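Every chain is numbered from 1 and lettered A, B, ... according to where its sequence line falls, protein lines coming before strand lines. As the structure is a computational prediction, the values presented were derived from the model and not from experiment.
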There are 2 protein chains.
Amino acid sequence: MTHERASSRRTTRQLALVLDAVQASGIEHPTADRVFRHVRRVLPTISLGTVYRNLQRLVADGRISAAPLGARVVRYDPTPTPHDHFVCQDCGRIEDITVSRSSGGVRAARRAGHEVSSHALVLYGRCRTCRGARRLSE
Amino acid sequence: MTHERASSRRTTRQLALVLDAVQASGIEHPTADRVFRHVRRVLPTISLGTVYRNLQRLVADGRISAAPLGARVVRYDPTPTPHDHFVCQDCGRIEDITVSRSSGGVRAARRAGHEVSSHALVLYGRCRTCRGARRLSE
DNA sequence: CTCGGTGCAAAGGGTTTGCATACAT
DNA sequence: ATGTATGCAAACCCTTTGCACCGAG
C-alpha cells in the first residue's frame, strides 16, 4: 500500500519546463507570472493557465513548495521540504532560512493546549548585501 | 518632534463603527467583508469601499493591525502590537500567540549576516477544543 | 463654507475554470 | 482510441480607485 504517487499522470513538455523554471538559478522564489515569462522564451505557446495548473500539480506531488510570502502573490520554491524565509525590505530578495528547532511560539501554543503540526515563519529586515551598500553610501 | 499622529482627521460614524466591529468579541480576526456585514446591521448604507478605507486608516494609525494569514484574505486584529498566530486546521479558529523570545530563525538569519527587524509567525495545527472533540468521537 | 469622507460602481491584479482541441499513452 | 493536459478567454475573489455628493469642522 501507500505507493506514494498521487496525481502525476502524463509527462508533458510544459510540466517539465515549469519545473525547470522554478529550479532555475537566477530566478529566486518566482511568482507564477515570472515562471510564465521564463518558460515562454522556450515554448512561446504556453498559457498562464497551464503554468498555474502545473505549479499546483508540482506542489501537490511534493516536487516544489508554495510560499504565501508578502500578501497577495504566491512564491514558488524549488525546495519541497518545510523551511522558513527571510525577506529583505530593501532589495526584496528572499532567502531560505533553516530553522533548527521549534520556536518559542510552538511552546506557547502547546501551553494553550493546541497541537502544532506545522508553521510558517517569515523574517523581515535588511540583508547582508543591503547592509553593506548602506554602509558605503554614508 | 515625532508627535506620533499621522493621518486621522475627521471622526465619522463609519470609522467608529468599523473600529467597533474589529474590536467586537464574537468576531475574531474578521476579514474586511465580515466587518462590512457586521457594520451594515447598524448602518445599512455603508459601502465596502469605505470599510476598506477605514480599515487601512486604522492600521496606519496603529489602532488595529492587519495579518496576512492564510493566503488570499487579510484578517484584521484589534491588537495593534506585534504578535503571532495559531490557526486551527479543523475549525479555522485563529488565536493570538504571545511569543516570549525571538525564535531560532532569527539566529539563523543573523548568522547569515542579515539584520532582522520584524517577523510573522503562523502556527498550524489542531486547537484545544478540536482535539477534545476528536477524542470524544473515537 | 471647505475639503476630507462617503457611496457607488468600475477597474485592477492574481488565480481559477469551462470548453473544445491537441497529444501522451 | 482514450482521456488527460493544453490554450484561450471568461469568470472569480479580494481590494483599490475615480468621481460627484455629503457632511464634520
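For Gln23(A), the side-chain contact (heavy atoms from CB on, under 4.5 Å) partners are Leu19(A), Pro78(A), not counting sequence neighbours. In terms of the side chain to side chain donor-acceptor pair (under 3.5 Å) criterion, residue partners of Arg37(A) (sequence neighbours excluded) are, by chain and number, Asp33(A). Residues satisfying the side-chain contact (heavy atoms from CB on, under 4.5 Å) criterion with Val73(A), sequence neighbours excluded, are Thr31(A). Under the rule for a ring pair (Phe, Tyr, Trp, His ring centres under 6.0 Å), the partners of His29(A) that lie at least two apart in sequence or sit in another chain are His85(A). Asn54(B) pairs by the side chain to side chain donor-acceptor pair (under 3.5 Å) definition with nothing, not counting sequence neighbours. In terms of the ring pair (Phe, Tyr, Trp, His ring centres under 6.0 Å) criterion, residue partners of Phe86(A) (sequence neighbours excluded) are, by chain and number, His114(B). With sequence neighbours left out, Gln89(B) forms a side-chain contact (heavy atoms from CB on, under 4.5 Å) with Ser117(A), Tyr124(B).
Counting only heavy atoms from C-beta outward, the side chains of His119(A) and Leu121(B) approach each other to under 4.5 Å. With a 4.5 Å cut-off on side-chain heavy atoms, Ser65(A) and His83(A) count as touching.
A close approach under 4.0 Å does not occur between any side-chain nitrogen or oxygen of Thr45(B) and OP1 or OP2 of dT6(C). Taking side-chain N and O atoms only, Gln14(B) has a distance below 4.0 Å to OP1 or OP2 of dT6(C). Thr12(B) has a side-chain polar atom (N or O) that falls below the 4.0 Å cut-off from OP1 or OP2 of dT6(C).
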With 3.5 Å as the limit, what N/O pairs link the protein to nucleotides 2-4 of chain D?
residue: dG3(D); atom: N2; partner: Arg10(A); partner atom: NH1; Å: 2.3
residue: dG3(D); atom: N2; partner: Arg10(A); partner atom: NH2; Å: 2.8
residue: dG3(D); atom: N3; partner: Arg10(A); partner atom: NH2; Å: 3.0
residue: dT4(D); atom: O4'; partner: Arg10(A); partner atom: NH2; Å: 3.4
residue: dT4(D); atom: O2; partner: Arg10(A); partner atom: NH1; Å: 2.5

When you compare the protein's N or O atoms with those of nucleotides 13-18 of chain D, which come within less than 3.5 Å of each other, and at what distance?
residue: dT15(D); atom: OP1; partner: Val74(B); partner atom: N; Å: 2.9
residue: dT15(D); atom: OP2; partner: Tyr52(B); partner atom: OH; Å: 2.4
residue: dT15(D); atom: O5'; partner: Tyr52(B); partner atom: OH; Å: 3.2
residue: dT16(D); atom: OP1; partner: Gln56(B); partner atom: OE1; Å: 3.4
residue: dT16(D); atom: OP2; partner: Gln56(B); partner atom: OE1; Å: 3.0
residue: dG18(D); atom: O6; partner: Arg53(B); partner atom: NH1; Å: 3.2

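Residue pairs satisfying the salt bridge (charged side-chain N to carboxylate O under 4.0 Å, His left out) criterion with at least one member in residues 70-85 of chain A, sequence neighbours excluded, are absent.
At whole-Å resolution of the value, CG in Leu19(A) and P in dA5(D) are 16 Å apart. Taking atom CG of Leu43(B) as the reference point, atom P of dG23(D) lies 11 Å away to the nearest angstrom. We find that CZ of Arg40(A) is positioned 16 Å from P of dT6(D), with the value rounded to whole Å. Distance, Arg13(B) CZ to dG23(D) C1': 13 Å, rounded to whole Å. Atom-to-atom, CD1 of Ile46(A) to P of dC23(C) comes out at 14 Å; the value is rounded to the nearest Å. Atom CG of Asn54(A) is separated from atom P of dA5(D) by 9 Å (rounded to the nearest Å). Rounded to an integer number of Å, the gap from CG of Leu55(B) to P of dT6(C) is 11 Å.
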For residues 44-53 of chain A, tabulate all N or O donor-acceptor pairs below 3.5 Å that involve a side-chain atom, not counting sequence neighbours.
residue: Ser47(A); atom: OG; partner: Thr50(A); partner atom: N; Å: 3.3
residue: Ser47(A); atom: OG; partner: Thr50(A); partner atom: OG1; Å: 3.1

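Within the helix from dC1(C)-dG25(D) to dT25(C)-dA1(D), the inter-axis angle between the opening and closing five-pair segments is 30°, rounded to 10°.
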